[in-house]
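Values below: every heavy atom of this structure, side chains too, minus hydrogens, waters and symmetry copies.
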Amino acid sequence: MANAPMQRWISAFLDAQAAERDAARNTRLAYGRDLLDFAGWLAHRGQDFVTADQAAVEDYLISCDAQGLSKATRARRLSAIRQLYRFAHEEGWRADNPALRLKGPGQDQRLPQVLSHEEVDRLLDAARDKGRSIEDQIRNCALLELLYATGMRVSELVELPVAAVRGDPRMILVRGKGGKERMVPLSAPARVAVADWLTRRDRAEELDRKAGRPASKYLFPSRGVDGHLTRNHFYVLIKQIAVLAGVSPGKVTPHTLRHAFATHLLAGGADLRVIQTLLGHADLATTEIYTHVLDDHLKSLVLENHPLAKRPDRE
């Protein structure tokens with residue numbers, strides 16, 4: 001377990017991330033978990049953030065590898081440690097950064113699960129029938145239509161303010177990672193679904209107001225601690241919708257609909273940089289992974305349509 005001085009380092013670092021870099025809450029939570037794990041590992045060996053050197057950080061990463069942690073997880077942990085020590089150096093707590101010269105393990109390139117157009121259509125249809133009440137069904141329809149129409153991250157979707165969709169906009173403002181904002185267009189089906197949900201939502205909120213309950217700023221409000229539908233709730237919901245749609249729930253998550261949005265746009269001829277902007281990716285390399293999932297599709301197009309592809313002497 002991390003000792004008190006190391007916990008204070010972590011708290012100060014996370015506060016700085018929030019204040020100076022406007023880091024998203026989920027990013028700070030991930031940093032916190034990673035740094036607490038590193039601190040616990042050091043404490044078990046009689047070390048702390050002050051005494052740890054480059055060899056200690058290397059040994060920690062080796063132990064993470066021995067535990068079977070993925071390359072992506074190990075790379076993220078090294079990044080958190082490196083940023084913590086950069087902050088400590090700026091604060092004058094350390095004269096050096098022991099993680100600065102370490103090379104990360106890289107990341108496993110995992111191709112995203114691909115949903116076909118037909119599977120997405122079935123999910124959207126099923127969402128209209130999923131729910132214990134007509135209000136739930138209309139809400140669920142709006143959730144999936146919005147997610148597929150915009151490619152939003154699930155956290156962006158559940159935290160979307162109701163003000164963003166007032167007035168039947170053709171485009172909405174989305175606040176993404178690090179507080180970065182971007183405009184994304186709404187499809188006609190998504191606008192209809194959102195308008196239907198707004199009518200039901202506002203009617204329920206008027207009843208809440210009369211009962212003395214405060215109005216919610218979120219499009220998808222909840223009486224839970226967060227004040228909005230949680231990511232976990234939506235994760236479970238989309239699995240249930242997949243079962244109802246006859247689509248394998250193992251290949252359906254909120255993120256696979258984001259993947260479907262990007263992949264279907266790319267297959268339709270959209271420019272990669274446009275997709276990068278719509279997804280809110282800081283680096284084009286992150287968006288380029290979608291080009292790989294189209295390889296088989298493009299290969300079949302060539303084999304089926306190239307004038308020389310079907311000549312026997314070319315086989």
Side-chain angles (χ1 to χ4, degrees), residues 1-108 153-156 158-159 175-180 217-218 222-236 255 282-283:
M1 180 178 292
N3 59 32
M6 286 195 285
Q7 289 180 352
R8 285 195 291 270
W9 273 42
I10 294 171
S11 295
F13 167 70
L14 295 179
D15 288 344
Q17 289 288 307
E20 299 170 15
R21 300 179 182 273
D22 197 20
R25 178 173 177 268
N26 291 329
T27 300
R28 299 197 306 273
L29 288 173
Y31 281 159
R33 286 192 297 267
D34 290 342
L35 293 173
L36 282 173
D37 187 84
F38 178 49
W41 185 89
L42 287 174
H44 185 68
R45 287 154 182 77
Q47 294 180 285
D48 58 23
F49 290 151
V50 176
T51 61
D53 56 10
Q54 180 173 316
V57 180
E58 285 178 319
D59 288 345
Y60 170 69
L61 294 174
I62 291 171
S63 75
C64 290
D65 188 17
Q67 293 173 47
L69 299 183
S70 69
K71 286 184 178 180
T73 298
R74 286 181 278 138
R76 191 193 66 221
R77 289 192 176 181
L78 175 58
S79 175
I81 294 168
R82 185 179 288 135
Q83 292 187 64
L84 172 72
Y85 278 118
R86 180 187 300 135
F87 172 74
H89 178 68
E90 292 170 353
E91 293 294 309
W93 300 343
R94 286 272 311 221
D96 64 336
N97 183 339
L100 184 62
R101 299 184 182 279
L102 294 181
K103 185 178 180 180
Q107 294 191 10
D108 295 316
R153 301 176 179 91
V154 63
S155 57
E156 296 167 350
V158 297
E159 296 173 15
R175 185 178 174 88
K177 287 185 175 181
K180 294 181 180 178
K217 67 177 182 179
Y218 298 109
S222 168
R223 293 181 184 173
V225 175
D226 294 324
H228 57 74
L229 187 74
T230 65
R231 299 194 313 163
N232 287 343
H233 186 136
F234 185 55
Y235 183 89
V236 172
H255 218 62
D283 189 342

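Aromatic ring pairs are classed by plane angle as parallel below 30°, tilted from 30° to 60° and perpendicular above 60°; the pair Trp93 and Trp9 is tilted. Classification of the Phe13-Tyr31 ring pair by plane angle, with boundaries at 30° and 60°, yields tilted.
Atom CZ of residue Phe87 and atom CD1 of residue Ile10 lie 12.0 Å apart, to the nearest 0.5 angstrom. Note: Asp34 CG to Leu84 CG = 11.5 Å, rounded to the nearest 0.5 Å. For the atom pair His228 NE2 and Ser155 OG, the distance stands at 9.0 Å (nearest 0.5 Å). Taking CD1 of Ile81 as the reference point, atom CZ of Phe49 lies at 8.0 Å (rounded to 0.5 Å).
Between the Ser11 side chain and the Gln7 main chain, a donor and an acceptor come within less than 3.5 Å of each other. No donor-acceptor distance shorter than 3.5 angstrom exists from the side chain of Arg175 to the backbone of Glu159, with no hydrogens or angles considered. Although no hydrogens or angles enter the test, the distance criterion places a donor-acceptor pair under 3.5 Å between the side chain of Arg74 and the main chain of Leu69.
Annotation: side chain of Val57 is in contact with side chain of Phe38 (closest heavy-atom distance under 4.5 Å). Asp37 is listed as a side-chain neighbour of Tyr60, based on a closest heavy-atom distance under 4.5 Å. The shortest side-chain heavy-atom distance between Arg45 and Asp59 does not fall under the 4.5 Å cut-off. Taking the side chain as every heavy atom from C-beta outward, Arg82 and Asn97 approach each other to under 4.5 Å.
Ala52 approaches Gln47 most closely through the heavy-atom pair CA-NE2, 4.2 Å. The two residues Val50 and Asp48 have their closest heavy-atom pair at N-OD1, 3.0 Å. Nearest approach of Arg153 to Gly176, heavy atoms of both residues: NH1-CA, 4.3 Å. The shortest heavy-atom contact between Pro98 and Asp53 is CB-C, 3.6 Å. Residues Met6 and Ala39 share a closest heavy-atom pair of CE-O, 3.3 Å.
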Run the side-chain contact (heavy atoms from CB on, under 4.5 Å) check on Val158 and Arg231 step by step: do they pass? CA-CA 7 Å; Val158 297; Arg231 299 194 313 163; 4.2 Å; yes
